Undergrad: 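Structure below; questions to follow.
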Number of protein chains: 2
Amino acid sequence: MNKKLNPASCAVDYAFQRIGGKYKGRIIWYLNDNNILRYGELRRIVQGITPKMLTQTLRELEEDGLVLRTVHHEVPPRVEYSLTETGKELLPFINHLRVWGEKQMKLEGDTCY
Amino acid sequence: MNKKLNPASCAVDYAFQRIGGKYKGRIIWYLNDNNILRYGELRRIVQGITPKMLTQTLRELEEDGLVLRTVHHEVPPRVEYSLTETGKELLPFINHLRVWGEKQMKLEGDTCY
DNA sequence: CTGTATCCTTATAGATACTG
DNA sequence: CAGTATCTATAAGGATACAG
């Protein structure tokens, strides 16, 4: 352990850790094109996600500098999420991956549930 | 459950499932540029991986059509792994992700261990 | 509305020994 | 050389109730 990986492999691992996980890709994708979404909107759009996972995922994305969290101190409270510039830099790749995924799914006859 | 996701989010999830996991990104990256690597070579290069995980990961990549496994029936046995055309289509994505990761690591002052 | 807290289940990965 | 098998540990995710 604690052996030095070569820089290339290390960065690949690093990036996957930052955008891996069950919901991060989807959330980044939903926030594309300067979408600004509220907590409740994300909760509906990211179907099946529990509040715990949504909060946890958003916090990680925020700590990693990919997502901006804006709190409006109103009653009832309003919290909006959007992509940072760093997060937006990932959009072309997410999109590339999405296109690849769609192609693969067609080849395999898979459907989305 | 069993609700239909919209196609875009579905494909993103699909793709992440296919290339997620702790070692898949690295292995795909190591097999770039038409590299052909033997089991033992991968075992050395993917530092810290156990034979169980290496085999498991390679099998999944093979089943997903990203990696080609070629068995040479010799003594001692020789098994070579390479990227399929489908797998090669992911290289730009992996590479961009790697560049992004390197940039982020520099910003944060992270190092590779 | 936007979360937390707690407990529980499942998925993923690691250690180690062994085989054709 | 290229794996398997078995067991264990840890991480990730899910269910549910509740709070500011």
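All of these numbers come straight from a predicted model, not from anything done at the bench. First the proteins, then the strands, lettered A, B, ... as listed; each starts at 1.
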Undergrad: Any residue in residues 35-43 of chain A with a heavy atom nearer than 4.0 angstrom to DNA chain C? Just list them by number, or reply none.
TA: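 Result for residues 35-43 of chain A: A:Arg38, A:Tyr39, A:Gly40, A:Arg43, sorted by number.
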Undergrad: In residues 61-82 of chain A, which residues come under 4.0 Å of DNA chain C by heavy atom?
TA: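 Those residues are A:Arg69, A:Pro76, A:Pro77, A:Arg78, A:Val79, A:Tyr81.
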Undergrad: For C:dT2, does either OP1 or OP2 sit under 4.0 Å from a side-chain N or O belonging to A:Arg59?
TA: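 Result: no.
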Undergrad: Taking atom C1' of D:dG3 as reference, at what distance in whole Å does atom CZ of B:Arg44 sit?
TA: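 Rounding to the nearest Å, CZ of B:Arg44 and C1' of D:dG3 are 15 Å apart.
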Undergrad: For the helix from C:dC1-D:dG20 to C:dG20-D:dC1, what angle lies between the axis at the first five pairs and the axis at the last five pairs, to 10 degrees?
TA: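 Both end axes considered, the difference amounts to 60°.
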Undergrad: Would you mind reporting whether A:Leu54 and A:Ile27 have side-chain heavy atoms less than 4.5 Å apart?
TA: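 Yes, side chains in contact.
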Undergrad: For B:Gln17 and D:dA12, what is the distance between atoms CD and P respectively, to the nearest whole Å?
TA: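 Whole-Å distance recorded here is 16 Å.
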Undergrad: Listed by chain and number, what are the salt bridge (charged side-chain N to carboxylate O under 4.0 Å, His left out) partners of B:Glu63, not counting sequence neighbours?
TA: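 Expected list: none.
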Undergrad: A:Leu58 vs A:Arg69, test: side-chain contact (heavy atoms from CB on, under 4.5 Å). Steps then yes/no.
TA: CA-CA 8 Å; A:Leu58 288 169; A:Arg69 179 173 180 263; over 6 Å; no
Undergrad: Can you list the other members of the hydrophobic cluster that holds B:Met105, where links are side-chain heavy atoms under 4.5 angstrom apart?
TA: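 Under the 4.5 Å side-chain rule, B:Met105 groups with A:Tyr14.
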Undergrad: Just wondering, do B:Leu97 and A:Ile19 contact through their side chains at under 4.5 Å, heavy atoms?
TA: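 Yes. Closest side-chain heavy atoms under 4.5 Å.
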Undergrad: Rounded to whole angstrom units, what separation is found between the CG atom of A:Leu58 and the P atom of C:dC1?
TA: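 Checked: the CG to P distance equals 16 Å.
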Undergrad: Are B:Val99 and A:Phe16 connected in the hydrophobic side-chain network, where two residues link if heavy atoms are under 4.5 Å apart?
TA: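 No, it is not one cluster - the side chains of B:Val99 and A:Phe16 are not joined through contacts under 4.5 Å.
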Undergrad: Side chains of residues 83-92 of chain B: which donor-acceptor partners sit under 3.5 Å, not counting sequence neighbours?
TA:
| residue | atom | partner | partner atom | Å |
| --- | --- | --- | --- | --- |
| B:Thr84 | OG1 | B:Gly65 | O | 2.6 |
| B:Thr84 | OG1 | B:Leu66 | O | 3.2 |
| B:Thr84 | OG1 | B:Thr86 | N | 3.4 |
| B:Thr84 | OG1 | B:Gly87 | N | 3.1 |
| B:Glu85 | OE2 | B:Lys88 | NZ | 3.3 |
| B:Lys88 | NZ | B:Asn34 | OD1 | 2.6 |
| B:Glu89 | OE1 | A:Lys103 | NZ | 3.0 |
| B:Glu89 | OE2 | A:Lys103 | NZ | 2.9 |

Undergrad: Considering only heavy atoms from C-beta outward, does the side chain of A:Asn95 approach that of A:Trp29 to under 4.5 Å?
TA: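 SC-SC contact between A:Asn95 and A:Trp29 confirmed.
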Undergrad: What pairs of residues pass the ring-ring contact (aromatic ring centres under 6.0 Å, His included) test when at least one of them lies in residues 79-104 of chain B, not counting sequence neighbours?
TA: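 Checked against ring-ring contact (aromatic ring centres under 6.0 Å, His included) - neighbours excluded - the pairs reaching residues 79-104 of chain B are A:Phe93-B:His96.
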Undergrad: According to side chain to side chain donor-acceptor pair (under 3.5 Å), who are the partners of A:Thr55, at least two apart in sequence or on a separate chain?
TA: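 Once residues adjacent in sequence are excluded, the partners of A:Thr55 under the side chain to side chain donor-acceptor pair (under 3.5 Å) criterion are A:Tyr39.
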Undergrad: From NZ of A:Lys24 over to C1' of D:dA11, roughly how many Å is that when rounded to an integer?
TA: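 The distance from NZ of A:Lys24 to C1' of D:dA11 comes to 13 Å, rounded to the nearest Å.
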Undergrad: Suppose we screen for side chain to side chain donor-acceptor pair (under 3.5 Å). Which residues come up paired with B:Asp110, at least two apart in sequence or across chains?
TA: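 Expected list: none.
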Undergrad: Over how many whole Å does the gap from A:Ile49 atom CD1 to C:dT2 atom P extend?
TA: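 About 14 Å, once rounded to whole Å.
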Undergrad: Please name all residues satisfying side chain to side chain donor-acceptor pair (under 3.5 Å) with B:Glu102, sequence neighbours left out, ordered by chain then number.
TA: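 Scan of B:Glu102 (side chain to side chain donor-acceptor pair (under 3.5 Å), adjacent residues dropped) gives B:Arg98.
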Undergrad: What N/O pairs connect the protein and nucleotides 8-13 of chain C at under 3.5 Å? Give each pair on its own line.
TA:
| residue | atom | partner | partner atom | Å |
| --- | --- | --- | --- | --- |
| C:dA13 | OP1 | B:Lys22 | N | 2.8 |

Undergrad: For residues 38-54 of chain A, pull every pair meeting salt bridge (charged side-chain N to carboxylate O under 4.0 Å, His left out), keeping only residues two or more places apart or in separate chains.
TA: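 Applying salt bridge (charged side-chain N to carboxylate O under 4.0 Å, His left out) to every pair that reaches into residues 38-54 of chain A, excluding sequence neighbours, yields nothing.
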